[in-house]
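Heads up: the structure comes next, in structure tokens.
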Number of protein chains: 2
Amino acid sequence: MALKTLTLQDVARVAGVSTATVSRTLSDPNVVSESTRRKVSDAVKSTGYRINRTARNLRTQRAHSVLVLLPDLANPFFSNILEGISSHLSSQGYSMLIASTKQVHDSGERLIDYLDDARADGMIVLDGGLAPDVVEMLANAPQSKPVLTACEWIDGASFPSVRCENRHGTRAAVNHLYDLGHRKIAHVTGPADNVLTQTRKAAFADEIAELRLDLPPDWIIPGDFSLIGGCDAARAWIGMKDRPTAVFCASDQLALGFIAELSRHGISVPRHVSVMGFDDIDLAEQFIPPLTTIRQDRLIIGETAAKMLMSRILNPGDPQAENSAVLPVSLVIRDSTAPPQ
Amino acid sequence: MALKTLTLQDVARVAGVSTATVSRTLSDPNVVSESTRRKVSDAVKSTGYRINRTARNLRTQRAHSVLVLLPDLANPFFSNILEGISSHLSSQGYSMLIASTKQVHDSGERLIDYLDDARADGMIVLDGGLAPDVVEMLANAPQSKPVLTACEWIDGASFPSVRCENRHGTRAAVNHLYDLGHRKIAHVTGPADNVLTQTRKAAFADEIAELRLDLPPDWIIPGDFSLIGGCDAARAWIGMKDRPTAVFCASDQLALGFIAELSRHGISVPRHVSVMGFDDIDLAEQFIPPLTTIRQDRLIIGETAAKMLMSRILNPGDPQAENSAVLPVSLVIRDSTAPPQ
DNA sequence: ACTCAGAATGTAATCGATTACAGAAGTTCT
DNA sequence: AGAACTTCTGTAATCGATTACATTCTGAGT
């Protein structure tokens with residue numbers, strides 16, 4: 001049962017040619033003659049030969065795989081992004097390795113090891129909150145392997161990145177609420193140190209100012225992108241003397257938690273207050289009420305990131321490699337927003 | 001900047017010993033003398049040497065990584081399982097490769113290639129719906145590398161597996177509804193060809209029979225584990241002449257979709273009908289109303305699967321390797337169930 | 001001082017594919 | 001026919017770590 005591993009040698013012997021010829025036939029069929037090509041492919045079929053990637057990787061100095069780093073594997077927000085990444089990578093014969101920041105930390109492994117020890121040819125970072133020393137290391141990547149950030153990015157570092165139109169999306173959200181007639185609009189933010197939080201918060205404040213609306217400090221409610229954060233924010237809203245009539249949450253999860261908590265207090269959306277999210281996760285459409293939100297296409301984010309990274313891996317040092325991409329977002333109007341009472 | 005890659009040779013030269021000694025020092029410090037150990041570790045530090053895994057893998061005939069196969073990366077149900085798997089693997093110095101059945105199919109890659117071409121040392125399958133020819137191939141795994149199924153399993157194949165107490169969970173669900181006073185209980189199933197669907201459906205029917213309750217055929221409502229499936233099922237329920245007063249859904253997503261659709265028709269849960277799910281996904285607790293469900297601990301499922309696979313990888317042919325594990329589930333009572341009107 | 005077991009280290013083969021270089025075979029042109 | 005290419009194929013070195021086997025060193029025992 002456990003056959004001896006088949007090697008190029010075996011195929012070469014069966015085909016009656018040298019290993020070099022077999023290798024060439026496999027990697028670039030056009031350089032060998034028609035007859036050889038047939039002999040070799042027959043031999044491959046009859047022996048059931050399959051290439052040994054490890055050997056190939058050693059010789060070519062490529063791992064033929066890419067590391068994706070996320071803050072938290074259990075967060076469904078990333079699933080579609082991974083799907084997009086993996087889809088492009090596998091079309092290129094590359095595999096996807098996954099690690100979460102938390103685990104890397106727990107297991108005492110240094111992130112950069114993946115790049116250093118030839119396990120991966122490049123890296124896509126989905127976590128803008130990497131510790132500064134880690135960022136430092138990546139920036140001086142010893143083998144100068146490409147690193148790219150997606151969704152989030154890292155302030156102060158200059159990795160190429162894929163981002164969404166966060167400013168534009170935020171302003172579209174505020175405008176939507178304004179158009180419905182809202183004049184008292186609050187914002188539930190993500191975690192304080194997050195780049196998306198900062199960008200969206202600033203865009204929110206800018207747009208509110210441009211519309212000449214009031215913005216008391218406590219209408220910026222600190223959150224953390226999670227369901228629980230949304231619940232907390234809802235309680236903060238409930239406790240306000242002068243309650244905003246609309247709330248723009250920095251993530252869908254926040255918005256869902258917010259609505260859920262309100263509902264436990266007998267407050268109904270959008271009757272008593274309009275609520276918006278950001279992301280358009282799968283559940284947004286199915287929630288009660290279906291959530292008005294800003295949609296980012298996570299599949300495309302993933303694909304774009306993978307494409308950009310692959311092009312840097314395959315053409316290292318190409319000066320005209322795209323350095324960053326900004327992807328569009330769109331306003332999706334559902335039932336969680338309505339004119340104020 | 002792009003330094004020549006450091007090899008064992010370099011370390012050996014600096015430390016003034018042979019490559020064999022360096023290698024031994026790294027893999028098993030106890031076999032070398034105290035003084036050598038220090039010389040080598042100094043040399044490693046001063047050169048900044050990092051092992052080349054590809055070379056090691058080639059020589060040891062191990063990939064030091066495991067492939068995880070899921071039906072659909074975008075399904076949040078799997079995230080926690082992945083977290084559990086990855087957590088254990090990385091503690092063992094192993095990496096996790098991920099592929100989705102869909103992509104493998106799209107890219108024309110054969111699954112077994114991963115095992116065949118030395119990219120992975122073993123495989124965890126989270127998709128019970130693999131095509132029979134694929135299963136056939138895996139079963140006759142050429143290099144006899146271990147394969148294991150988790151959550152779902154494959155009828156007719158005898159891979160070791162990690163499962164949950166599906167029967168017990170289902171019966172607990174039915175009993176909970178019965179205890180609340182329900183006598184007319186329906187079941188929304190998963191996709192027809194799924195092993196979990198079949199198991200839970202059978203357990204449901206058994207328990208109903210044991211309780212001597214009626215079960216008209218249309219009270220088994222076909223679904224597909226998804227939100228949309230739940231919506232469809234809700235419309236089926238609405239269309240019934242004699243409506244069941246409680247519905248046990250085969251997944252949380254089904255239950256959420258079910259409740260959402262009812263709500264769009266002005267029907268409220270649990271006032272007009274009690275609804276239960278299965279899984280206890282993160283959102284179950286935050287939904288309105290919070291969902292009564294059967295909890296499976298997905299982190300532990302993942303960890304268990306990884307442990308079992310690793311033990312088979314590290315001790316191949318160990319006859320006393322655990323062949324399968326059945327993990328407990330628990331009833332989580334929240335607000336989506338109540339006594340009938 | 002001498003033997004000998006055991007510990008520590010070194011030498012060199014090995015894993016399996018790729019590829020630089022050289023040589024053979026086949027074409028075209030004068 | 002011979003020169004000058006082009007196209008194909010083969011030989012052998014190479015990627016970087018591991019490890020079987022050989023060798024040297026150490027110290028205990030007599």
Side-chain angles (χ1 to χ4, degrees), chain A residues 2-41 43-44 47-64 93 113 115-119 121 142-143, chain B residues 2-41 43-44 47-64 93 113 115-119 121 142-143:
Chain A
L3 324 152
K4 188 168 59 61
T5 29
L6 287 166
T7 73
L8 266 189
Q9 300 262 18
D10 301 313
V11 179
R13 194 176 324 113
V14 172
V17 298
S18 73
T19 60
T21 300
V22 177
S23 174
R24 278 187 287 253
T25 310
L26 262 35
S27 63
D28 184 0
N30 294 326
V31 308
V32 303
S33 74
E34 166 66 25
S35 71
T36 309
R37 205 178 311 151
R38 242 208 330 279
K39 275 191 293 184
V40 170
S41 74
V44 167
T47 54
Y49 168 76
R50 206 122 328 128
I51 196 175
N52 181 318
R53 298 231 178 191
T54 306
R56 191 239 291 266
N57 289 349
L58 175 59
R59 181 59 226 240
T60 59
Q61 303 283 49
R62 285 262 168 84
H64 294 278
D113 285 351
L115 263 32
D116 251 1
D117 68 12
R119 257 181 297 179
D121 296 328
Q143 312 292 342
Chain B
L3 325 151
K4 187 168 60 61
T5 29
L6 287 165
T7 73
L8 266 190
Q9 300 262 16
D10 301 311
V11 180
R13 194 177 322 114
V14 173
V17 300
S18 73
T19 60
T21 301
V22 178
S23 174
R24 279 188 285 253
T25 310
L26 263 36
S27 62
D28 184 2
N30 294 326
V31 308
V32 303
S33 75
E34 167 65 25
S35 70
T36 310
R37 207 178 310 151
R38 241 209 329 280
K39 277 190 292 184
V40 170
S41 76
V44 167
T47 54
Y49 169 76
R50 205 122 328 127
I51 197 176
N52 180 318
R53 299 230 176 190
T54 307
R56 191 241 291 265
N57 289 349
L58 175 60
R59 180 58 226 240
T60 59
Q61 304 283 49
R62 284 262 167 85
H64 293 276
D113 285 351
L115 263 32
D116 252 1
D117 68 13
R119 257 181 298 179
D121 296 329
Q143 312 292 341

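Labels below follow one simple rule: chain letters A, B, ... track the order of the sequence lines, proteins then strands, and each chain is numbered from 1. Since we're looking at a predicted model, the values are computed, not measured.
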Original post:
So do T5(B) and N52(B) actually touch side chain to side chain, heavy atoms under 4.5 Å?
Top reply: no
Subject >> Donor-acceptor contact present, side-chain R119(A) to main-chain A63(A), <3.5 Å >> reply: no
Original post:
So among T54(A), D117(A), N57(A), which one has a side-chain hydrogen bond (donor to acceptor under 3.5 Å, both in side chains) with R53(B)?
Top reply: D117(A)
Original post:
Base, sugar-phosphate, or nothing: which does S23(A) touch, judged by heavy atoms less than 4.0 Å apart?
Top reply: base
Original post:
Does the side chain of V32(B) reach to within under 4.5 Å of the side chain of V40(B), using non-hydrogen atoms?
Top reply: no
Subject >> Non-hydrogen atoms of L6(B) and T47(B) that approach each other most closely >> reply: CD1-O, 3.1 Å
Original post:
What closest approach, in Å, do A12(A) and V22(A) show between heavy atoms, and which atom pair accounts for it?
Top reply: CA-CG2, 3.7 Å
**OP:** Evaluate whether atom CD of Q61(B) has more than 12 neighbouring non-hydrogen atoms of other residues, nucleotides or ligands under 6.0 angstrom away.
**Re:** yes
Distances under 3.5 Å between protein N/O atoms and the N/O atoms of nucleotides 23-25 of chain D, please, pair by pair.
none

Original post:
Of all heavy-atom pairs between Y49(A) and L26(A), which one has the smallest distance, and what is that distance?
Top reply: CE2-CD2, 3.8 Å
Original post:
Within the structure shown, what part of the strands sits under 4.0 Å from L26(B) by heavy-atom distance: base, sugar-phosphate, or nothing?
Top reply: nothing
Subject >> Donor-acceptor pair, side chain of S23(A) and main chain of T19(A), under 3.5 angstrom >> reply: no
**OP:** Hey, which sits more toward the 5' end of DNA chain C by its nearest nucleotide, R37(B) or A55(B)?
**Re:** R37(B)
Original post:
Which sits closer to the 5' end of DNA chain C, L58(A) or G16(B), going by the nucleotide each is nearest to?
Top reply: G16(B)
Shorter than 3.5 Å, N or O on both sides, protein versus nucleotides 6-9 of chain D: list them out with atom names.
unit_1: dT9(D); atom_1: OP1; unit_2: S33(A); atom_2: OG; d: 3.1
unit_1: dT9(D); atom_1: OP1; unit_2: T36(A); atom_2: OG1; d: 2.1
unit_1: dT9(D); atom_1: OP2; unit_2: S33(A); atom_2: N; d: 3.2
unit_1: dT9(D); atom_1: OP2; unit_2: T36(A); atom_2: OG1; d: 3.4

**OP:** Heavy atoms of chain B, cut-off under 4.0 Å: which first and last nucleotide of DNA chain C, 5' to 3', fall inside that, if you could look?
**Re:** dA8(C) to dG16(C)
Subject >> Under 3.5 Å: donor-acceptor pair, side chain of T60(B), backbone of R56(B) >> reply: yes
